[in-house]
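Worksheet: the structure to be examined is printed underneath.
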Amino acid sequence: MGWLVVVAAFVVTVLLTGGVRRLVLSRGLVDVPNARSSHATPTARGGGIAIVLVVLTGCGLLILRGGDVTPAALGLLTGGTLVAW
């Protein structure tokens with residue numbers, strides 16, 4: 001069952017990332033490189049949103065199912081959410 005969840009999370013992340021990429025490219029939300037950039041071509045911004053959504057959903061489902069969520073894990077989840085915000 002655990003591997004099924006991992007594979008499902010991977011597939012959803014790939015699909016959402018592709019969808020977010022198409023959306024931001026259609027709206028012109030790209031990072032144009034300059035002298036300080038690590039990339040040479042314009043790059044779409046916001047693909048990490050898909051990863052954040054999948055992780056937050058997975059953590060939320062774990063909590064709802066009565067999973068063992070430690071205070072440290074909640075702290076990391078809260079901090080990660082604030083950084084992604």
Nearest-0.5 Å distance that lies between atom [atom1] in [X] and atom [atom2] in [Y]:
| X | Y | atom1 | atom2 | value |
| --- | --- | --- | --- | --- |
| Leu64 | Cys59 | CG | SG | 11.0 Å |
| Leu56 | Ile51 | CG | CD1 | 11.5 Å |
| Leu23 | Leu16 | CG | CG | 11.5 Å |

> Which atoms form the tightest heavy-atom contact between Val20 and Gly46, and what is the distance?
Replying inline: CG1-O, 3.2 Å
>> If I compare all heavy atoms of Pro33 with all of His39, which pair ends up nearest, and what's the gap?
In response: CB-O, 3.2 Å
> Which of these passes side chain to side chain contact (heavy atoms under 4.5 Å, CB included) with Phe10: Val12, Val14, Val6?
Replying inline: Val14
> Is it true that Val32 and Leu25 fall in one hydrophobic cluster, defined by side-chain heavy atoms closer than 4.5 Å?
Replying inline: yes
> Linking I/L/V/M/F/W/Y whenever their side-chain heavy atoms sit closer than 4.5 Å, directly or via other members, would Leu77 and Val52 fall into one cluster?
Replying inline: yes
>> Less than 4.5 Å apart, side chain to side chain, heavy atoms only: is that true for Thr43 and Val30?
In response: no
>> Is the shortest side-chain heavy-atom distance between Arg45 and Asp31 below 4.5 Å?
In response: yes
